[in-house]
Number of protein chains: 2
Amino acid sequence: MTVPSVSRRDRKKAATRQAIADAALQLFLERGYDQVSIRDIADAADVSTATVFKHFSGKEALVFDQDEDRESQLIAAVRQRPSGQSILDALRQHVLDTWPAIGAHPQAAEFTNLVNSTPVLRAYAERMWTRYTDSLSAAIADEFGVDHDNLACVAIARFVLEIPVLARGRQDRQAAVGALFDILTHGWEPPSKSPGR
Amino acid sequence: MTVPSVSRRDRKKAATRQAIADAALQLFLERGYDQVSIRDIADAADVSTATVFKHFSGKEALVFDQDEDRESQLIAAVRQRPSGQSILDALRQHVLDTWPAIGAHPQAAEFTNLVNSTPVLRAYAERMWTRYTDSLSAAIADEFGVDHDNLACVAIARFVLEIPVLARGRQDRQAAVGALFDILTHGWEPPSKSPGR
DNA sequence: GTAGAAAAGTACAACGACTCTACTTAGCGA
DNA sequence: TCGCTAAGTAGAGTCGTTGTACTTTTCTAC
């Protein structure tokens, strides 16, 4: 797939990064996040601790390796949506489309468990999404020709970005995403008792 | 006002806590959050660093001193609402009622500026609210007799708790809170161009 | 009042995340 | 072949935070 690395240097750099990420993930899954120090990871990957921080901004970033460019995809989904489609529908479709890939990991279950059972990782994961509130709301505001800090735009951006967080861990994520977008589209309705969970 | 401290010990304890919080706030406002170490604060308050952590769970908690018991108030607003009032209306009223007190600080402007210009503090402030998602959603679910992890209940709890975050820094917070609750009640509507900001 | 429990505070050492500086090494381009 | 640059290393240092063992203060019960 994506192998734009031409030079040997870039290849080696990527290899080092990968070695660190792999070592980190394995150790985290084995012992738990708090029971693994940066030094442990550096030793396992056979690099110095300084090198770890050359590749990753902090310990939490080691867990969420391929953070990718969610931001640009998000903006594109709004800007390049089919004419006539509402922004909320475009975002709903985008979330439904790009999401299965994330759960396709080999050790998805253990990984989810690791994140959910480590408070600092839960917090980091939530921030990964809400970090894009500003750029998403700016894109939405542009579509309507209003100020970037328009309250309705900031609000819907934030609410939409909460949806992945809320849907995580649900048995039927597709249905959950749909229900959450319905709340934003039509307003909240009290739950019905019978269908339960 | 609230002076339930009877014993001298409790009074002294509260005094040292206050001394630490005061010293911390002053230093933070003077130099900025990152330019002040725990040792600086401890020295200014004439206590040891260990004492600082006896009173506050971490450096960020020094900024948000009177965190109070927002949680119990929130639950009470749902549980003890007037009969016939919807949960969303009860929460809207609760937010509108209990909020002016927070902005009544003497150095409110500088304080807001401090928080907004320090990423770690922004993150902490957001988490202060969303931390109560679980208990609020449980209370809401109880009102309807559904499971605690009912999606609609978790979602509305989370969205409501985002409202204070979204309304912070707005010129007319009351109006902002109202508009945000309207989104949750009736669904999102695209912004109109003319009224602008 | 005084003894002793209980809590607040201190000094000090330690750990882990992270940064900085100066140095070495390896790939790249001429 | 000769630098230039970027990757990596070693090692010391800062800072937040915790744990341990000790002193001081206050409360309580005799």
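In what follows, chains carry the letters A, B, and so on, assigned in the order in which the sequence lines appear, proteins first and then strands, with residues in each chain numbered from 1.
At a threshold of 4.0 angstrom between heavy atoms, the contacts of Thr16(B) are confined to the sugar-phosphate backbone, with no base atom among them. Backbone-only contact: Lys12(A) has heavy atoms under 4.0 Å from sugar-phosphate atoms and none from a base. Residue Asp46(B) is classed as a sugar-phosphate contact, given heavy-atom separations below 4.0 Å to backbone atoms only. Residue Val52(A) is classed as having no contact, given no heavy-atom separation below 4.0 Å to the nucleic acid.
Taking only side-chain nitrogens and oxygens, Ser48(A) comes nearer than 4.0 Å to OP1 or OP2 of dT9(D). OP1 or OP2 of dG16(D) lies within a sub-4.0 Å distance of a side-chain N or O belonging to Lys59(B).
Rounding to whole angstrom units, CZ of residue Arg9(A) and P of dG8(D) are separated by 10 Å. For Asp40(A) and dC15(C), the CG to P distance is 13 Å, given to the nearest whole Å. Residue Phe53(A) contributes atom CZ, which lies 18 Å from atom P of dT14(D) at whole-angstrom precision. Distance CZ (Arg11(B)) to P (dA7(C)): 18 Å, rounded to an integer number of Å.
If you check distances only, the side chain of Arg8(B) never reaches the base of dT25(D) with a donor-acceptor pair under 3.5 Å.
In terms of position on DNA chain C, the residue among Thr49(A) and Lys54(A) whose nearest nucleotide sits closer to the 5' end is Thr49(A).
Salt-bridge annotation for Asp89(B) and Arg92(B): present, with a side-chain N of the basic residue lying under 4.0 Å from a carboxylate O of the acidic one.
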Notebook entry, point to check: Taking it one step at a time, do Thr130(B) and Thr133(B) satisfy side-chain hydrogen bond (donor to acceptor under 3.5 Å, both in side chains)?
Noted result: CA-CA 5 Å; Thr130(B) 55; Thr133(B) 303; 5.2 Å; no
Margin query: Working note: Lys13(B) + His55(B), criterion side-chain contact (heavy atoms from CB on, under 4.5 Å); need CA distance, chi angles, decisive distance, verdict.
Written below: CA-CA 9 Å; Lys13(B) 182 178 179 179; His55(B) 287 276; 3.6 Å; yes
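In terms of hydrophobic clustering, with Ile, Leu, Val, Met, Phe, Trp and Tyr side chains grouped at heavy-atom distances under 4.5 Å, Leu161(A) and Leu121(A) are assigned to different clusters.
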